[in-house]
There are 2 protein chains.
Amino acid sequence: MAGIKDVAAEAGVSVATVSRALNGHPSVSPAARARVLAAVAALGYRPNAVARSLRTDQTRTLGLVISDVLNPYFTSLARAVEEEARALGYSVIIGNADERPELQDHHVRTLLDRRIDGLLLSPTDPGSPLIPDAVRAGTPIVFVDRWVPGVQVPVVRADGRGAVADLVGHLLGLGHRRLAIIAGPAATTTGSERVDAFRAALREHGVALPDAYIGQGDFQAESGRRAAERFLDLPEPPDAVFAADNLMALGALDAIRARGLTVPGDIALAAFDDIPWFVHTDPPITAIAQPTEELGRAAVRALVERIGGHSPDSVTLPARLVVRRSCGASGPVEEPHTAAPIAHPHPHPHTTVRRSNP
Amino acid sequence: MAGIKDVAAEAGVSVATVSRALNGHPSVSPAARARVLAAVAALGYRPNAVARSLRTDQTRTLGLVISDVLNPYFTSLARAVEEEARALGYSVIIGNADERPELQDHHVRTLLDRRIDGLLLSPTDPGSPLIPDAVRAGTPIVFVDRWVPGVQVPVVRADGRGAVADLVGHLLGLGHRRLAIIAGPAATTTGSERVDAFRAALREHGVALPDAYIGQGDFQAESGRRAAERFLDLPEPPDAVFAADNLMALGALDAIRARGLTVPGDIALAAFDDIPWFVHTDPPITAIAQPTEELGRAAVRALVERIGGHSPDSVTLPARLVVRRSCGASGPVEEPHTAAPIAHPHPHPHTTVRRSNP
DNA sequence: CTGAAAGCGCTTACAG
DNA sequence: CTGAAAGCGCTTACAG
């Protein structure tokens, strides 16, 4: 593989001039630049990014540690992150924690060892000591989606409270009274916030959320299945279940079907996070949609600002309820707290979109 | 950030000894090793992977360029790849080509600039000159899923011919006669092979595949929608549609529903690539399942062999048909070419699994 | 505008 | 068993 020395020899200049020509340094004569470019083309030279990084102390690389690559939500997030990063001249290396603390640490450590310029993190394990360590060491970090309270790092996330309140109103309006939730790990912010929002909204309507109606999941399909089974084994099973992510909703659907029960006939089902397939499930599933792409882009912009030495603000974007048929006959839709409906990426005759209040 | 010199000073040894102690070199006295380890712990030292890579000329990193991160097939593949790579001591950097040739080239180039030790590639653009260039330059490469004919590189993929033949038998057995396919780009191997297999299987049964029944897609949902619409506009629309990937199947389903038609009542639908959601769509979708995890692992093993200087063989694993209800009343299932059914990851009352012949 | 030289943080023959 | 020194491929003050 041709190195900068080969190019210099071929062009009849010093390596310094080659470097300057390639990096657009102004003080290179047009003649020298032309010879360098010709030599580069002739040799098929490509600068060694490893050497350059060592010298410049920057890798032009961002790390992104997500909780689960098999979750379409994180996958869309990753795609948006990569796009925005590329637009700003950065590469991104994705680490998949698979909802496992050790794996999160493994990836964070590996990324740090590679001297990424900044880290985008959606903590699976908010208790990992690596996080405050990295912050203290001065590594630019931004949390996306999930965050760690108390750690001084900008957070880019969606606020689902309004949408959850809309969902609860929707469920109660359809006559459901025994509302249950399959929660994510309480240690994660998205795990606890969604239950809190659900409980708060129920309280507004004077409805309680008994412990038996809080299933403990881990954001994976299997846990959704188990939680749903436990609900169905109750002497008085819930008549509506809200899964805190799309994978647990899938698991819950599996469990409900396995008992020969139907949605929404026997039990209503709704999910946090909207995905294209929800339009085509039987029945189409009512979900809370996050502005995923915007979150990914905003997170990258914030991180790049941090890398630039600034202190970007946290960003919170609203989520919104997308009503389909999984909670009961749609009937005449009453707009919950607001007016204008928003277009949904997958228009469907049975879909109604509602925006939560700001 | 503490460097190796700081550790050496703290431990009272030379940087050479620190390096040896950290890399498990045998000739380090227990005493020195202990002092080094203590110093490392005290300073929170982490070796700079960039510097190490520059010196050793290896990054212990694999590149993986996939065609579309939003496609669950590639996402599972990526997960399996990362797992196996990690087990073998490698990191992986994923590049998403998004089915766009320029993006594929961008990622291949970036990965090569970073001096990855080897590249796993599922070519979106088989015509890219970067591929033969890299092969010529000696970069270890292995193709996964898709490949480029004529390029001397091991290929790890699934052979869907048996399963497609099973599917055609299944469709004809249910009384469908006008079978259509939504194909991927003819330039990609998976794009052309699936049509070829479909056409060959039809010919076996004396059925023709008219041009009008070959929809040209690009493996994205939107193209599936358009192709399905064109089919439905035909004076004699097909009575069964086979989408060459799961995203085009989603698009086709959208289009069929938008016309107020039902599956399989008005038209049958099947897809290449099985995904968990196919169990819960309305109706559950008959699909051809690839052994995705095995493919990912085998690809990594082959690539690591290549990096080790060996010449691994190509690997071809069989795909299999998973019958659900989207092609018509399931009725008594006749096993097509073989005997034993295989367990499916998502057992479901309406699912029957068939293995294609070897 | 250009080149010689130092140096980024490691690893590894070489000599002892 | 250990250290001094060279060198991986670049970039960048410094001097001219």
Side-chain angles (χ1 to χ4, degrees), chain A residues 1-37 39-40 43-61 89 109-117 137-139, chain B residues 1-37 39-40 43-61 89 109-110 112-117 137 139:
Chain A
M1 185 144 247
I4 197 172
K5 281 195 259 190
D6 303 300
V7 176
E10 173 84 10
V13 297
S14 71
V15 296
T17 296
V18 174
S19 176
R20 291 193 190 99
L22 260 25
N23 291 302
H25 191 101
S27 67
V28 178
S29 68
R33 186 181 312 275
R35 301 234 299 288
V36 167
L37 263 26
V40 164
L43 300 175
Y45 170 73
R46 291 251 91 208
N48 183 327
V50 175
R52 187 202 300 251
S53 292
L54 179 59
R55 184 51 232 248
T56 60
D57 199 34
Q58 55 172 17
T59 51
R60 301 293 299 180
T61 301
R109 209 167 346 234
T110 303
L111 258 8
L112 260 21
D113 287 355
R114 287 167 172 283
R115 300 304 190 261
I116 49 162
D117 292 341
T139 309
Chain B
M1 184 147 248
I4 196 172
K5 282 195 256 188
D6 304 300
V7 177
E10 173 86 11
V13 298
S14 71
V15 296
T17 297
V18 173
S19 175
R20 291 192 190 100
L22 259 25
N23 291 300
H25 190 103
S27 67
V28 176
S29 68
R33 186 182 312 275
R35 301 234 299 290
V36 168
L37 262 27
V40 165
L43 300 175
Y45 170 72
R46 290 252 92 207
N48 182 326
V50 175
R52 187 202 299 253
S53 292
L54 179 59
R55 183 51 231 250
T56 61
D57 199 34
Q58 53 171 18
T59 50
R60 300 293 299 179
T61 301
R109 212 173 338 242
T110 303
L112 259 23
D113 287 354
R114 286 167 173 283
R115 301 301 191 262
I116 49 162
D117 292 341
T139 310

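In what follows, chains carry the letters A, B, and so on, assigned in the order in which the sequence lines appear, proteins first and then strands, with residues in each chain numbered from 1.
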Worksheet, complete the sentence: Of G3(B) and H25(A), the one whose nearest nucleotide on DNA chain C sits closer to the 5' end is H25(A)
Practice prompt. Using the P atom on both, measure dC14(D) against dC10(D) and round to a whole Å.
Written response: 24 Å
Fill in: dG16(C) and dT12(C), which share atom name C1', separated by this distance in whole Å
16 Å
Discussion item. According to salt bridge (Lys or Arg N to Asp or Glu O under 4.0 Å), who are the partners of R46(A), at least two apart in sequence or on a separate chain?
Written reply: D113(B)
Discussion item. If you define the side chain from C-beta out and look only at heavy atoms, does anything of M1(A) sit under 4.5 Å from D57(B)?
Written reply: no
Worksheet entry | Rounded distance (nearest 0.5 Å) linking atom OG1 of T139(A) with atom CZ of R115(A) | 9.0 Å
Worksheet entry | A32(B) versus T17(B), closest heavy-atom pair with distance | CB-CG2, 4.1 Å
Discussion item. Ignoring hydrogens, what is the shortest heavy-atom contact between I4(A) and Y45(A)? Give both atom names and the distance.
Written reply: N-CE1, 3.5 Å
Practice prompt. Considering non-hydrogen atoms only, spot the tightest contact between V36(A) and V7(A) and give its length.
Written response: O-CG1, 4.2 Å
Item to complete: Without swapping roles, check the side chain of N23(B) against the backbone of H25(B) for a donor-acceptor pair under 3.5 Å.
Response: no
Fill in: From R52(A) atom CZ to Q58(A) atom CD, the distance as rounded to the nearest 0.5 Å
9.5 Å
Discussion item. For DNA chain D, please output the secondary structure as dot-bracket, reading 5' to 3'. Pairs are Watson-Crick or G-U wobble, both atom distances under 3.5 Å; mark crossing pairs with [ ], other-strand partners with |, unpaired with a dot.
Written reply: |||.||||||||.|||
Item to complete: List in numerical order all residues of residues 28-37 of chain A for which some heavy atom is under 4.0 Å away from an atom belonging to DNA chain D.
Response: none
Worksheet entry | Nearest atoms (heavy-atom pairs only) where R33(B) meets A21(B) | NH1-O, 3.5 Å
Discussion item. Quick check against the 3.5 Å criterion: does S53(A) have a side-chain atom that pairs as donor or acceptor with the backbone of A49(A)?
Written reply: yes
Practice prompt. Please name the pair of heavy atoms, one in L22(A) and one in L37(A), separated by the smallest distance, quoted to 0.1 Å.
Written response: CD1-CD1, 4.0 Å
Fill in: Those residues of residues 48-60 of chain A lying under 4.0 Å from DNA chain D by at least one heavy atom
N48(A), A51(A), R52(A), R55(A), T56(A)
Worksheet item: So, T61(A) versus R114(B): side-chain donor-acceptor pair below 3.5 Å or not?
Response: yes
Discussion item. For a quick test of reading the model, state the closest non-hydrogen atom pair linking S14(A) to A8(A) and the distance between them.
Written reply: C-CB, 3.8 Å
Practice prompt. Please measure how far the P atom in dC1(C) lies from the corresponding atom in dA5(C), and state the result in whole Å.
Written response: 24 Å
Practice prompt. At the 4.0 Å heavy-atom cut-off to chain A, mark where contacts on DNA chain C begin and end, going 5' to 3'.
Written response: dC1(C) to dG9(C)
Response to the item:
Contact check, residues 4-22 of chain A vs DNA chain C, heavy-atom distance under 4.0 Å, returns V13(A), S14(A), A16(A), T17(A), R20(A)
